[in-house]
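What follows is a single structure, written as C-alpha coordinates, with notes after it.
Here is the naming used below: chain letters follow the sequence lines, and residue numbers restart at 1 for every chain.
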Amino acid sequence: GNSVTQMEGPVTLSEEAFLTINCTYTATGYPSLFWYVQYPGEGLQLLLKATKADDKGSNKGFEATYRKETTSFHLEKGSVQVSDSAVYFCALSSGYSSASKIIFGSGTRLSIRP
Amino acid sequence: GAVVSQHPSRVICKSGTSVKIECRSLDFQATTMFWYRQFPKQSLMLMATSNEGSKATYEQGVEKDKFLINHASLTLSTLTVTSAHPEDSSFYICSAVPLAGGDRPEQFFGPGTRLTVL
(Lines give C-alpha, C1' and ligand atoms only; values in the text may rest on other atoms or scores of the structure.)
Protein backbone atom coordinates (compact mmCIF):
# COMPACT_ATOMS: atom_id res chain seq x y z
CA GLY A 1 0.00 0.00 0.00
CA ASN A 2 0.86 3.65 -0.11
CA SER A 3 3.20 5.01 2.54
CA VAL A 4 5.36 7.99 3.43
CA THR A 5 8.68 7.94 5.25
CA GLN A 6 10.28 11.10 6.56
CA MET A 7 13.37 11.77 8.61
CA GLU A 8 12.97 11.51 12.32
CA GLY A 9 13.38 14.53 14.47
CA PRO A 10 13.81 16.54 16.36
CA VAL A 11 15.90 18.76 14.14
CA THR A 12 17.58 21.73 15.82
CA LEU A 13 19.22 24.45 13.76
CA SER A 14 20.53 27.94 14.27
CA GLU A 15 18.75 30.85 12.66
CA GLU A 16 19.72 31.40 9.00
CA ALA A 17 20.92 27.80 8.61
CA PHE A 18 19.98 25.70 5.59
CA LEU A 19 17.20 23.19 6.15
CA THR A 20 16.51 19.85 4.52
CA ILE A 21 13.87 17.43 5.73
CA ASN A 22 13.91 14.22 3.73
CA CYS A 23 10.77 12.51 2.57
CA THR A 24 10.32 9.43 0.41
CA TYR A 25 7.14 7.70 -0.60
CA THR A 26 5.76 4.44 -1.88
CA ALA A 27 2.70 4.61 -4.07
CA THR A 28 1.03 3.13 -7.07
CA GLY A 29 0.20 5.42 -9.92
CA TYR A 30 0.85 9.13 -9.71
CA PRO A 31 0.09 10.54 -6.27
CA SER A 32 -0.06 14.18 -5.28
CA LEU A 33 2.52 15.16 -2.66
CA PHE A 34 2.20 17.66 0.16
CA TRP A 35 4.04 19.24 3.03
CA TYR A 36 1.94 20.31 5.99
CA VAL A 37 3.11 22.38 8.95
CA GLN A 38 1.71 22.39 12.47
CA TYR A 39 2.66 25.37 14.60
CA PRO A 40 2.35 25.01 18.40
CA GLY A 41 -1.27 24.96 19.47
CA GLU A 42 -2.62 25.19 15.93
CA GLY A 43 -4.08 22.86 13.31
CA LEU A 44 -2.22 21.51 10.32
CA GLN A 45 -1.75 23.96 7.47
CA LEU A 46 -0.88 23.12 3.91
CA LEU A 47 2.61 24.51 3.27
CA LEU A 48 3.12 23.45 -0.33
CA LYS A 49 2.17 20.79 -2.82
CA ALA A 50 3.07 19.19 -6.15
CA THR A 51 0.74 17.15 -8.29
CA LYS A 52 3.03 15.67 -10.94
CA ALA A 53 6.60 14.62 -11.52
CA ASP A 54 9.19 17.43 -11.63
CA ASP A 55 6.73 19.94 -10.21
CA LYS A 56 8.21 22.23 -7.59
CA GLY A 57 6.02 23.43 -4.78
CA SER A 58 7.05 26.57 -2.93
CA ASN A 59 5.75 28.82 -0.18
CA LYS A 60 7.23 31.08 2.51
CA GLY A 61 10.75 30.33 1.29
CA PHE A 62 10.25 26.56 1.47
CA GLU A 63 10.59 24.40 -1.62
CA ALA A 64 10.12 20.75 -2.52
CA THR A 65 10.45 19.02 -5.89
CA TYR A 66 8.45 15.95 -6.89
CA ARG A 67 11.10 13.41 -7.94
CA LYS A 68 9.52 10.33 -9.38
CA GLU A 69 12.81 8.61 -10.18
CA THR A 70 13.84 8.69 -6.53
CA THR A 71 10.27 8.73 -5.13
CA SER A 72 11.21 11.70 -3.01
CA PHE A 73 9.79 15.09 -2.01
CA HIS A 74 12.44 16.64 0.24
CA LEU A 75 11.63 19.94 1.93
CA GLU A 76 14.28 22.68 1.78
CA LYS A 77 14.71 26.26 2.94
CA GLY A 78 17.79 28.34 2.42
CA SER A 79 17.68 30.37 5.62
CA VAL A 80 15.42 29.35 8.49
CA GLN A 81 13.92 31.68 11.05
CA VAL A 82 12.85 31.17 14.64
CA SER A 83 9.25 31.45 13.45
CA ASP A 84 9.74 28.29 11.35
CA SER A 85 9.83 26.19 14.51
CA ALA A 86 7.01 23.68 14.09
CA VAL A 87 6.24 20.08 13.19
CA TYR A 88 6.41 19.30 9.47
CA PHE A 89 4.48 16.44 7.87
CA CYS A 90 5.11 14.98 4.45
CA ALA A 91 2.00 13.46 2.91
CA LEU A 92 0.53 11.97 -0.23
CA SER A 93 -2.85 11.56 -1.78
CA SER A 94 -3.74 9.21 -4.56
CA GLY A 95 -6.27 11.75 -5.76
CA TYR A 96 -5.59 14.93 -7.67
CA SER A 97 -6.06 17.07 -4.58
CA SER A 98 -5.93 16.85 -0.83
CA ALA A 99 -9.70 16.39 -0.77
CA SER A 100 -8.95 12.71 -1.20
CA LYS A 101 -7.65 10.42 1.51
CA ILE A 102 -4.25 11.61 2.75
CA ILE A 103 -1.46 9.41 4.06
CA PHE A 104 0.92 11.22 6.39
CA GLY A 105 4.49 10.66 7.40
CA SER A 106 5.36 10.57 11.08
CA GLY A 107 6.26 14.25 11.28
CA THR A 108 9.53 16.04 11.97
CA ARG A 109 9.81 18.54 14.78
CA LEU A 110 11.97 21.51 13.86
CA SER A 111 13.41 23.89 16.45
CA ILE A 112 15.31 27.01 15.42
CA ARG A 113 17.69 28.67 17.88
CA PRO A 114 18.02 32.47 17.77
CA GLY B 1 -10.99 32.13 5.62
CA ALA B 2 -11.38 28.33 5.72
CA VAL B 3 -11.25 27.96 9.49
CA VAL B 4 -12.09 24.69 11.18
CA SER B 5 -12.71 24.54 14.89
CA GLN B 6 -12.91 21.63 17.31
CA HIS B 7 -14.55 21.47 20.69
CA PRO B 8 -13.43 20.68 23.26
CA SER B 9 -9.70 21.21 22.85
CA ARG B 10 -9.00 18.94 25.81
CA VAL B 11 -11.15 16.47 27.66
CA ILE B 12 -10.51 14.09 30.52
CA CYS B 13 -13.05 11.41 31.25
CA LYS B 14 -13.47 8.26 33.30
CA SER B 15 -13.24 4.83 31.76
CA GLY B 16 -16.61 3.62 30.51
CA THR B 17 -18.06 7.02 29.74
CA SER B 18 -18.74 8.46 26.29
CA VAL B 19 -17.18 11.60 24.90
CA LYS B 20 -18.40 13.75 22.02
CA ILE B 21 -16.03 15.85 19.94
CA GLU B 22 -17.36 18.50 17.56
CA CYS B 23 -15.79 19.64 14.33
CA ARG B 24 -17.13 22.82 12.73
CA SER B 25 -16.30 24.63 9.53
CA LEU B 26 -16.71 28.25 10.58
CA ASP B 27 -16.79 30.15 7.31
CA PHE B 28 -17.57 27.56 4.67
CA GLN B 29 -19.79 24.58 4.01
CA ALA B 30 -18.12 21.21 3.87
CA THR B 31 -19.18 18.28 1.73
CA THR B 32 -16.69 15.97 3.34
CA MET B 33 -15.03 15.85 6.72
CA PHE B 34 -12.29 13.50 7.78
CA TRP B 35 -11.42 12.26 11.26
CA TYR B 36 -7.84 11.39 12.18
CA ARG B 37 -6.14 10.02 15.25
CA GLN B 38 -2.58 10.88 16.22
CA PHE B 39 -0.56 8.98 18.80
CA PRO B 40 2.43 10.69 20.45
CA LYS B 41 5.31 11.14 18.04
CA GLN B 42 3.42 9.25 15.36
CA SER B 43 1.66 10.06 12.16
CA LEU B 44 -1.95 11.03 11.71
CA MET B 45 -4.01 7.96 10.93
CA LEU B 46 -7.26 8.37 9.05
CA MET B 47 -10.16 6.88 11.00
CA ALA B 48 -13.13 7.69 8.81
CA THR B 49 -14.54 9.82 6.05
CA SER B 50 -17.78 11.62 6.80
CA ASN B 51 -20.18 12.94 4.16
CA GLU B 52 -23.14 15.12 5.07
CA GLY B 53 -26.37 13.19 5.21
CA SER B 54 -24.86 9.75 4.75
CA LYS B 55 -23.11 7.12 6.80
CA ALA B 56 -19.43 7.53 7.47
CA THR B 57 -16.89 5.31 5.76
CA TYR B 58 -14.51 3.77 8.26
CA GLU B 59 -10.96 2.67 7.63
CA GLN B 60 -9.99 -0.91 8.17
CA GLY B 61 -9.52 -1.72 11.81
CA VAL B 62 -11.60 1.19 13.12
CA GLU B 63 -14.66 0.05 15.07
CA LYS B 64 -17.68 1.96 13.83
CA ASP B 65 -19.68 1.13 16.95
CA LYS B 66 -16.88 2.46 19.11
CA PHE B 67 -16.33 5.68 17.18
CA LEU B 68 -19.71 7.06 16.15
CA ILE B 69 -19.64 9.77 13.52
CA ASN B 70 -22.54 12.03 12.69
CA HIS B 71 -22.39 14.61 9.92
CA ALA B 72 -25.74 16.26 10.40
CA SER B 73 -25.11 19.50 8.54
CA LEU B 74 -22.69 21.02 6.06
CA THR B 75 -20.82 22.74 8.89
CA LEU B 76 -20.80 20.19 11.68
CA SER B 77 -19.50 16.67 12.19
CA THR B 78 -19.29 14.94 15.55
CA LEU B 79 -17.19 12.04 16.74
CA THR B 80 -18.42 10.17 19.80
CA VAL B 81 -16.05 7.81 21.53
CA THR B 82 -18.34 5.34 23.26
CA SER B 83 -17.43 3.48 26.44
CA ALA B 84 -14.00 5.04 26.40
CA HIS B 85 -11.00 3.15 27.73
CA PRO B 86 -7.46 4.32 28.49
CA GLU B 87 -6.22 2.98 25.15
CA ASP B 88 -8.54 5.46 23.42
CA SER B 89 -6.50 8.31 24.85
CA SER B 90 -5.12 10.16 21.88
CA PHE B 91 -5.16 13.36 19.85
CA TYR B 92 -8.14 13.50 17.49
CA ILE B 93 -8.03 15.82 14.50
CA CYS B 94 -10.70 16.62 11.97
CA SER B 95 -10.50 18.21 8.56
CA ALA B 96 -13.08 19.61 6.17
CA VAL B 97 -13.28 20.05 2.41
CA PRO B 98 -15.17 23.13 1.17
CA LEU B 99 -18.29 22.57 -0.87
CA ALA B 100 -17.13 25.24 -3.32
CA GLY B 101 -13.62 23.94 -3.61
CA GLY B 102 -13.02 24.57 -7.24
CA ASP B 103 -11.01 22.16 -9.33
CA ARG B 104 -8.41 21.65 -6.63
CA PRO B 105 -10.26 21.28 -3.36
CA GLU B 106 -8.24 21.12 -0.20
CA GLN B 107 -8.61 19.74 3.30
CA PHE B 108 -8.55 22.32 6.09
CA PHE B 109 -7.63 20.99 9.50
CA GLY B 110 -8.93 21.69 12.96
CA PRO B 111 -6.58 22.27 15.92
CA GLY B 112 -7.27 18.87 17.43
CA THR B 113 -8.79 17.50 20.63
CA ARG B 114 -6.70 15.76 23.23
CA LEU B 115 -8.63 12.99 24.93
CA THR B 116 -7.38 11.44 28.16
CA VAL B 117 -9.27 8.48 29.58
CA LEU B 118 -8.53 7.66 33.20
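Only the side chain of B/E59 comes within less than 4.5 Å of a heavy atom of chain A; its backbone N, CA, C and O stay farther away. With a 4.5 angstrom heavy-atom cutoff, A/Q38 touches chain B only via side-chain atoms. Only the side chain of B/L46 comes within contact range of chain A, with at least one heavy atom under 4.5 Å from a heavy atom of that chain. For a residue to count as touching a neighbouring chain, one of its non-hydrogen atoms must lie under 4.5 Å from one of that chain's; by this rule B/F91 touches chain A with the side chain only.
Counting heavy atoms of neighbouring residues, nucleotides and ligands inside a 6.0 Å radius, atom CD of A/Q81 exceeds 12 of them. In this structure, A/K68 places its NZ atom where more than 12 heavy-atom neighbours from other residues, nucleotides or ligands lie under 6.0 Å away. Enclosure of atom NZ in B/K66 by more than 12 non-hydrogen atoms of other residues, nucleotides or ligands within 6.0 angstrom is indicated. Other residues, nucleotides and ligands contribute at most 12 non-hydrogen atoms within 6.0 Å of the CE atom of B/M45.
The CD1 atom of A/I102 sits 10.5 Å away from the OG atom of B/S43 when rounded to the nearest 0.5 Å. Atom-to-atom distance recorded for A/F104:CZ and B/I93:CD1 is 8.0 Å, nearest 0.5 angstrom.
Note on B/Y58 and B/F34: separate hydrophobic clusters, where clusters join Ile, Leu, Val, Met, Phe, Trp and Tyr whose side-chain heavy atoms are under 4.5 Å apart, directly or indirectly. Linking ILVMFWY side-chain heavy atoms closer than 4.5 Å, directly or via other members, places B/L115 and B/V4 in two distinct hydrophobic clusters.
Counting all heavy atoms, side chain and backbone alike, A/L44 lies closest to B/F109 at O-CB, 3.5 Å.
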Kindly determine whether B/Q38 and A/F89 satisfy side chain to side chain contact (heavy atoms under 4.5 Å, CB included), including the steps that lead there. CA-CA 12 Å; B/Q38 185 180 24; A/F89 293 90; 3.4 Å; yes

